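Read the structure below first, then the notes.
All values reported here derive from a predicted model rather than from experimental measurement. All values below come from the heavy atoms of this structure, side chains included, with hydrogens, waters and symmetry mates left out.
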Amino acid sequence: MNVSDCQLNWNQASSTLALEGKAYVLVTILGVTGSTPRNSGTKMVVSQEETFDTIGGGHLEYKVIKKAKELLRDDKDCQLIEHFQLGSQLGQCCGGNVSVLFECFTASSVHIAVFGAGHVGQALIPMLAGLSCRVSWVDNRETQFPSNIEQYANVTTLFTDDPASEVAAMPDNTLYVVMTHNHQLDFDITHAVLKREDFHYLGLIASDTKWRRFQQRYQHREVKPSLVKRMNCPIGLKQVVGKRPIEVAVSIAGELIESYQ
C-alpha cells in the first residue's frame with residue numbers, strides 16, 4: 001500500500017503517510033449547526049500532492065484544502081480550529097455552520113540505512129517498518145530480500161554490487177546499521193560513513209577481535225579518533241544480551257529509537 005493509491009481512505013492514508021515519513025494534515029469536522037454537507041466526525045487527509053476522503057466537497061472543502069496546504073508550507077506540527085459559515089461566508093446554499101479541526105504532522109527527518117539482509121536484517125526491518133522513519137535496505141545479494149518487501153511502505157531496497165558506494169547518496173544525519181556477510185565489506189561501508197563525518201548514528205556488528213582490527217585499520221587510514229569513538233560497537237542495547245537474530249534485532253531497534261529520540 002502506498003499513498004499513490006487514490007482508493008485509500010483517510011485512516012489508511014494517514015497511517016501510510018506517517019510510515020513513509022511524509023507531512024500531512026488530518027482534517028476533522030468537530031461540530032455543525034444547521035444544514036451542512038457532512039456530519040460531525042467526518043475526516044479527510046491532505047498531503048502535499050493529494051487528498052484522501054472528503055468532507056462534502058464544494059467551497060468548504062476547497063477552503064479547507066487551501067488552509068491545510070498553508071499549514072504544510074509552514075512545516076510545523078500544530079493544531080488549529082476554524083469556523084466556517086457556509087451561507088454568508090462561502091456562498092453554499094445549505095447555509096449551516098461548521099467547525100473544523102486541522103492537525104498538521106510534519107515530515108519525519110529520520111532516515112535509517114541498513115546494510116545487510118541476513119537473518120538479523122530480516123528480523124530488524126519489520127520493526128523499523130512500524131516506525132515513523134524512512135529506511136534504505138542495502139545488500140549485494142538480491143535474493144536475500146524477502147518477496148513481500150512491498151508491504152513496508154517506508155522501506156526501499158537497494159541491490160548493488162558495491163554497497164559502500166551507496167553511502168555517498170544517503171542524507172545528512174542518517175543512522176547507519178552495518179551487518180553484512182563480509183568483514184571487508186563492513187569495513188568499506190563504515191570507512192565511507194566515517195569519511196562523511198555527518199552521521200547521526202553508526203552501529204557495527206562485530207566481535208571484540210573484529211572491532212580491535214577495525215580500529216587499527218581506521219587509524220592506518222587516518223580516520224579521526226573522535227569519529228571512531230562515536231561508533232556503536234558492539235551494536236545494540238547492552239541490557240539485551242540474547243544472540244538469536246530476533247533478540248539482536250530488538251536490541252538494535254531499541255538503540256536506534258533511543259538515538260533519534
Side-chain angles (χ1 to χ4, degrees), residues 1-113 128-136 150-156 169-175 200 257 260-261:
M1 182 183 296
N2 58 65
V3 292
S4 63
D5 184 350
C6 62
Q7 301 302 313
L8 298 185
N9 61 33
W10 70 266
N11 189 33
Q12 294 168 325
S14 59
S15 297
T16 302
L17 287 162
L19 286 174
E20 292 181 349
K22 295 180 178 178
Y24 67 95
V25 176
L26 176 61
V27 175
T28 307
I29 295 181
L30 285 184
V32 300
T33 57
S35 178
T36 59
R38 300 295 293 272
N39 296 325
S40 297
T42 303
K43 298 176 184 287
M44 71 180 295
V45 166
V46 181
S47 72
Q48 299 281 8
E49 297 86 15
E50 300 178 83
T51 62
F52 306 87
D53 264 334
T54 178
I55 57 170
H59 200 189
L60 171 64
E61 185 162 303
Y62 170 80
K63 295 288 284 188
V64 163
I65 292 173
K66 182 179 179 181
K67 182 62 182 180
K69 297 281 189 179
E70 291 174 2
L71 294 175
L72 289 170
R73 285 194 294 271
D74 290 341
D75 195 29
K76 295 179 181 178
D77 287 329
C78 66
Q79 292 185 335
L80 176 70
I81 297 175
E82 290 211 352
H83 307 282
F84 299 89
Q85 297 176 345
L86 301 187
S88 60
Q89 185 182 1
L90 302 182
Q92 293 190 208
C93 59
C94 44
N97 299 299
V98 179
S99 296
V100 178
L101 169 65
F102 298 83
E103 297 176 272
C104 186
F105 301 88
T106 55
S108 170
S109 60
V110 178
H111 179 257
I112 301 172
L128 302 184
L131 302 176
S132 181
C133 65
R134 292 177 295 114
V135 181
S136 298
E150 292 184 357
Q151 69 178 302
Y152 303 129
N154 61 331
V155 178
T156 301
M170 298 298 169
D172 295 349
N173 296 313
T174 288
L175 292 85
H200 181 85
I257 293 169
Y260 73 69
Q261 286 186 344

Supply the atom-to-atom distance Phe52 CZ to Ser14 OG, rounded to the nearest 0.5 angstrom. 10.0 Å
Measuring from Phe84:CZ to Ile55:CD1, what's the distance to the nearest 0.5 Å? 7.5 Å
Smallest heavy-atom separation, Val46 atom then Lys69 atom, equals CG1-CE, 4.1 Å
Which heavy atom of Cys78 sits nearest a heavy atom of Leu71, and at what distance? SG-CD2, 4.0 Å
Please report the shortest heavy-atom distance between Val110 and Ser132, naming the atom on each side. CB-O, 4.2 Å
For the atom pair OG1 (Thr51) and CD (Glu61), what is the distance rounded to the nearest 0.5 Å? 6.5 Å
What distance separates Tyr24 OH from Glu49 CD, expressed to the nearest 0.5 Å? 15.0 Å
What closest approach, in Å, do Ala23 and Ala107 show between heavy atoms, and which atom pair accounts for it? CB-N, 3.5 Å
Any heavy-atom pair between the side chains of Tyr260 and Leu131 that's under 4.5 Å? yes
Side-chain donor-acceptor pair present, Asp75, Thr106, cut-off under 3.5 Å: no
Any sub-3.5 Å donor-acceptor pair from Thr174's side-chain atoms to Pro171's backbone N or O? yes
Partner of Lys43 under side-chain hydrogen bond (donor to acceptor under 3.5 Å, both in side chains), chosen from Asn11, Thr28, Asn9: Thr28
Donor-acceptor contact present, side-chain Lys67 to main-chain Tyr62, <3.5 Å: no
First locate atom CG of Asn154, then atom CZ of Arg134, and finally report the distance between them rounded to the nearest 0.5 Å. 10.0 Å
Quick check: closest heavy atoms across Trp10 and Val45, and the distance to 0.1 Å? O-CG2, 3.4 Å
